[in-house]
Undergrad: 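Structure below; questions to follow.
Letters A, B, ... are given to chains in the order of the sequence lines, protein chains preceding strands, and every chain is numbered from 1. Since the structure is predicted, the reported quantities are computational estimates derived from the model, not experimental observations.
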There are 2 protein chains.
Amino acid sequence: MALTLKAMEYFTTALHHGSIVKAAAELNIAASAVSSAIDQVEAEFDLTLVIRQRARGIQPNAAGRDVARKCEHLLDEYRSLLIEGAELKKSHKGTLRIGYYAPIAPAFLPQVFEAFLPNTSDVTLELEECNNDEAQDGLLAGTYDAILFVAEGVRPSIEYDTLVTAPPYFLMPSSHPLKDQRTVTMAQIATEPLIVLNRPIAASYYEGLFQSETRKAPVAAYANSTEMVRSLVAAGRGCAILNMLPLTSETYVGAPVIARPISDSLPPLTLALGYDRMRPRRIVQDFAKACQEHFATVGPTRCIISHEE
Amino acid sequence: MALTLKAMEYFTTALHHGSIVKAAAELNIAASAVSSAIDQVEAEFDLTLVIRQRARGIQPNAAGRDVARKCEHLLDEYRSLLIEGAELKKSHKGTLRIGYYAPIAPAFLPQVFEAFLPNTSDVTLELEECNNDEAQDGLLAGTYDAILFVAEGVRPSIEYDTLVTAPPYFLMPSSHPLKDQRTVTMAQIATEPLIVLNRPIAASYYEGLFQSETRKAPVAAYANSTEMVRSLVAAGRGCAILNMLPLTSETYVGAPVIARPISDSLPPLTLALGYDRMRPRRIVQDFAKACQEHFATVGPTRCIISHEE
DNA sequence: TGCTTATCTCGGAATTTGTGATGTTATTGT
DNA sequence: ACAATAACATCACAAATTCCGAGATAAGCA
C-alpha cells in the first residue's frame with residue numbers, strides 16, 4: 001500500500017500541468033511534496049516515469065503517461081465512490097426499512113409517507129410488523145433504519161424520539177350501557193369482562209392498570225392482535241382497554257365499537273421512533289421529521305383519546 | 001482524501017471476517033487500528049455502517065454492505081493497477097522504442113531481436129534512425145526506451161553500456177591495387193581520394209584520424225549515408241574509412257567493396273547502448289542484455305574489423 | 001554574464017498511523 | 001447467579017509519514 005491515492009493525485013496533476021510548481025499551487029501544498037509524490041510513484045513501480053528538466057518543468061515518458069492514465073482512472077473511481085457514499089446519506093433514494101410494534105400503524109404511517117415522499121419517488125419502503133424486542137434488535141443489528149415502538153421497556157443503547165404519549169381508553173360495543181357516559185372510571189371497567197391484548201408489553205401494562213383497584217376485571221379473552229380484540233368487543237364478548245385508536249370505529253366483524261376516555265389518572269404508553277440520531281441517512285432523517293410533525297399536529301387528536309381534552 | 005485505501009482495506013477485511021480482532025490478526029496490526037479505520041470510513045460518509053456488538057464481533061448494516069462493496073471494487077481496481085504497473089516493468093509486452101545512430105544497425109539489430117523476442121510476441125518495435133544528439137535528447141525526454149549511439153560525445157547525464165569499440169577500417173573497390181594487402185597504413189590511405197561519411201560525429205572523427213599524418217587524403221565526395229559511401233566506393237569514385245561493417249560486401253550499386261584493417265594505432269569509435277539502467281522496464285533490460293551478449297559473442301568478429309585479429 | 005524559472009535536497013515540524021494497556025460489555029458454561 | 005472468556009472501545013504514547021520552507025542546483029533566456 002505504498003502507493004497512496006494522494007500520491008496518485010499529486011502525480012497526475014503534476015503531469016497534467018507539466019510542472020511541479022504549478023501542480024503544487026493548484027493543490028495548495030509545497031512543491032517538494034509533489035516532487036516526492038512523483039518519486040513515490042516511480043519507486044512503487046521501480047520505473048522512470050517522468051523526465052524532470054530543470055527550468056523547463058516535467059514531462060512524462062510513455063510509461064509515465066500509461067501509469068498516469070491508470071491512476072486517473074482509479075481516482076475517478078474513487079471520486080465516484082465518495083459521491084455514491086454521499087448520495088447514500090443525502091439522497092432520497094434507496095430503501096427505507098421500518099420495523100414497527102404499533103398495532104394501529106396502518107392508521108397513520110400512510111399519511112406520514114404522504115408528507116415526505118413525492119408521489120413518484122425512488123424510495124422503496126420495507127415495512128415489517130414485529131414486537132418491541134424484535135424491533136429494537138433489528139435496529140441495533142442494522143436490519144431496520146427506523147423502528148416505531150413502545151418506549152416503556154426501551155434498551156439503554158437505543159436512541160429515540162417520543163412521538164406521542166397515549167393514555168389508555170375504554171372500548172365497548174355500541175350497545176353497551178356505559179356508551180352514554182363521556183368518560184368511564186377504572187372502577188366501572190373492573191366490573192366488565194375484559195378482552196386483553198396479549199402482546200409483550202401490553203399484557204403486563206394492562207394488568208398493571210388495575211393494581212390500585214380493589215377488584216380486577218375478569219378476563220373474557222386474550223387475543224394477540226388489535227383487530228381481534230376490537231372485533232371481539234364489537235361482537236359483544238366483552239370490553240377492552242387500548243391506547244391507540246384507528247380512524248374508524250368499524251371492525252372486521254362488521255359492527256362498530258365505541259371508545260371513551262378513562263377519567264382515572266393512569267400511566268400512558270409512549271409511542272417512540274428509534275433510529276440513528278447521530279448520523280442518519282437523509283431519508284431516515286426526513287422520515288423521523290415527518291413522524292414528529294405528524295404527531296405534533298394532526299396525530300394527537302386522532303389516534304389517541306385523552307380524558308383531559 | 002480522508003478516506004485512504006488503507007482504511008478501506010481494513011474496513012473491508014473487518015467486515016469480511018465479521019470481527020475486528022480477526023481482521024487485525026490477518027492484517028498483522030493492532031485491533032485498535034482496525035477499529036479506527038472503521039471509524040474513519042463511517043466519519044467520511046457520516047453514516048453508521050457497522051453494528052459493533054461486544055463479545056460478538058461486528059456486523060454491517062445495509063449501508064455498510066453497500067459501502068463495503070464499493071470499497072472492494074476500488075481495491076480490486078487498485079490491485080490491478082499495481083499489477084499492470086508491474087507488468088509494465090516486468091513483462092515482455094508493450095512497445096520498445098529504440099532510437100539509433102548506427103548506420104549499420106540493420107546488420108545486427110534483427111539478430112539481437114531474434115535472441116530475446118519469441119517468434120510471436122506482444123512486443124511492438126519502434127525503430128528510429130536519427131543522429132547522435134537526437135538519440136540522446138530522445139532518451140532524456142522519454143521518447144526512446146533505449147538508444148544505440150556513439151559514446152564519443154556522450155552527455156554526462158546519459159547512462160550507457162559500451163557494446164563494442166570499432167576501430168576504423170579501409171574500404172576500397174574490388175579492383176583497387178591495395179586489395180591484396182592484409183592491412184593498409186594511414187600513409188597509404190592518405191594518397192587515395194576519399195569518400196567521407198558526412199554525419200555529426202563521423203566527419204570530425206575521420207578528419208582527426210589524419211592529424212598525425214604529413215598529408216591528408218583528398219576528399220572526392222561527402223555523403224551522409226553509409227550506403228551511399230559504400231556504393232560510391234564500389235563504383236570506383238574513391239576509398240573510404242568506416243568503422244562498422246555490414247555482413248555483405250555487396251552494395252546497392254551492384255558491385256562489391258573490400259574492407260581491410262588499418263595497421264596504425266587509431267582511436268576507435270564506441271558503439272554504446274543508452275537506457276535507464278537504474279530501473280528499466282523488463283523488456284528494455286532484456287534488450288540491453290541481448291545487445292551485450294550479441295556483441296560479446298558473434299558481434300565483434302562480424303561487424304568490426306581489427307588489425308589485431 | 002546575470003536573471004529567471006524550475007526542480008532537488010534536507011532538516012525539522014505537523015499530522016497521521018499504529019501499539020499496548022486498560023476498561024467495558026455481552027456471551028457461555030457451570 | 002457467577003466466573004471465565006471473547007470482543008470492542010478508549011487512551012496515552014511511539015513510530016512513521018507527510019509537509020513545509022530554505023537553500024542549492026541546473027537550464028533557459030536576454
Undergrad: With sequence neighbours left out, what residues match B:T95 under side-chain contact (heavy atoms from CB on, under 4.5 Å)?
TA: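 For B:T95, the residues satisfying side-chain contact (heavy atoms from CB on, under 4.5 Å) (neighbours in sequence not counted) are B:R97, B:T124, B:E126.
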Undergrad: Report the distance from atom CG of A:D137 to atom P of C:dA26, rounded to the nearest whole Å.
TA: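 In whole Å, C:dA26 P and A:D137 CG are 12 Å from each other.
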Undergrad: Tell me the salt bridge (charged side-chain N to carboxylate O under 4.0 Å, His left out) pairs involving residues 147-156 of chain A, sequence neighbours left out?
TA: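 Checked against salt bridge (charged side-chain N to carboxylate O under 4.0 Å, His left out) - neighbours excluded - the pairs reaching residues 147-156 of chain A are A:D133-A:R155, A:D137-A:R155.
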Undergrad: Please round to 10 degrees the angle between the axis of the first five pairs and the axis of the last five pairs in the helix from C:dT1-D:dA30 to C:dT30-D:dA1.
TA: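 About 30°, once rounded to a multiple of 10°.
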Undergrad: If we count only N and O atoms by modelled type, under 3.5 Å, do the side chains of B:Y100 and B:E129 hold a donor and an acceptor together?
TA: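 Yes.
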Undergrad: B:C130: what forms a side-chain contact (heavy atoms from CB on, under 4.5 Å) with it, not counting sequence neighbours?
TA: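 Residues passing side-chain contact (heavy atoms from CB on, under 4.5 Å) with B:C130: B:E134, B:A135, B:Y144.
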Undergrad: Can we say B:D286 and B:K289 salt-bridge, meaning some charged N sits less than 4.0 Å from an Asp/Glu carboxylate O?
TA: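 Salt bridge: no.
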Undergrad: Does anything in residues 47-55 of chain A reach DNA chain D, meaning a heavy atom under 4.0 Å, and if so which residues?
TA: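 DNA chain D contact set from residues 47-55 of chain A: A:R54, A:A55.
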Undergrad: Tell me the salt bridge (charged side-chain N to carboxylate O under 4.0 Å, His left out) pairs involving residues 2-15 of chain A, sequence neighbours left out?
TA: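 Not a single pair qualifies under salt bridge (charged side-chain N to carboxylate O under 4.0 Å, His left out).
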Undergrad: Using heavy atoms and a sub-4.0 Å distance, could you list which residues of residues 22-40 of chain B are near DNA chain D? By number, please.
TA: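 Going residue by residue through residues 22-40 of chain B, the ones with a heavy atom under 4.0 Å of DNA chain D turn out to be B:S32, B:S35.
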Undergrad: Can you list the residues that meet the ring pair (Phe, Tyr, Trp, His ring centres under 6.0 Å) rule with A:Y78, with sequence neighbours excluded?
TA: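 Per chain and number, A:Y78 pairs via ring pair (Phe, Tyr, Trp, His ring centres under 6.0 Å) with no residue.
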Undergrad: Between P on C:dA26 and CZ on A:R155, what's the gap in Å once rounded to a whole number?
TA: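 The distance from CZ of A:R155 to P of C:dA26 comes to 10 Å, rounded to the nearest Å.
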Undergrad: Can you tell me which residue among B:E84, B:E77, B:E87 is in a salt bridge (Lys or Arg N to Asp or Glu O under 4.0 Å) with A:K70?
TA: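 Going through B:E84, B:E77, B:E87 one by one, the salt bridge (Lys or Arg N to Asp or Glu O under 4.0 Å) with A:K70 is satisfied by B:E84 alone.
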Undergrad: Sequence neighbours left out, what passes side-chain contact (heavy atoms from CB on, under 4.5 Å) with B:A33? Give chain and number order.
TA: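 Counting only residues at least two positions away or on another chain, B:A33 forms a side-chain contact (heavy atoms from CB on, under 4.5 Å) with B:I29.
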Undergrad: side-chain contact (heavy atoms from CB on, under 4.5 Å) with B:Y275: which residues, sequence neighbours excluded?
TA: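 Scan of B:Y275 (side-chain contact (heavy atoms from CB on, under 4.5 Å), adjacent residues dropped) gives B:A146, B:D161, B:L273, B:R277, B:P280, B:V284, B:A288, B:Q292.
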Undergrad: So what does B:S157 touch, heavy atoms closer than 4.0 Å: a base, only the sugar-phosphate, or nothing?
TA: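 Nothing, no nucleic acid heavy atom in range.
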Undergrad: What contact category does B:V21 fall into here, base, sugar-phosphate, or nothing, at under 4.0 angstrom with non-hydrogen atoms?
TA: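 Sugar-phosphate contact only - B:V21 comes under 4.0 Å of backbone atoms but never of a base.
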Undergrad: Is it the case that the side chains of A:N243 and A:Y206 hold a donor-acceptor pair, with the cut-off being a distance below 3.5 Å and no angle test?
TA: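 Present: a donor and an acceptor within the cut-off.
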Undergrad: Could you list all the salt bridge (charged side-chain N to carboxylate O under 4.0 Å, His left out) pairs where at least one residue sits in residues 16-41 of chain B, not counting sequence neighbours?
TA: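 For residues 16-41 of chain B: B:D39-B:R52.
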Undergrad: Could you list where the contact with chain A starts and ends along DNA chain D, reading 5' to 3', using a 4.0 Å heavy-atom cut-off?
TA: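 Contact boundaries, 5' end first: D:dT18 to D:dG28.
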Undergrad: Is B:Y10 near enough to C:dG18 that one of its side-chain N or O atoms lies under 4.0 angstrom from OP1 or OP2?
TA: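 Yes, because at least one side-chain N or O of B:Y10 sits under 4.0 Å from OP1 or OP2 of C:dG18.
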Undergrad: Backbone N or O of A:T12 within a donor-acceptor pair of the A:E72 side chain at under 3.5 Å?
TA: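 No.
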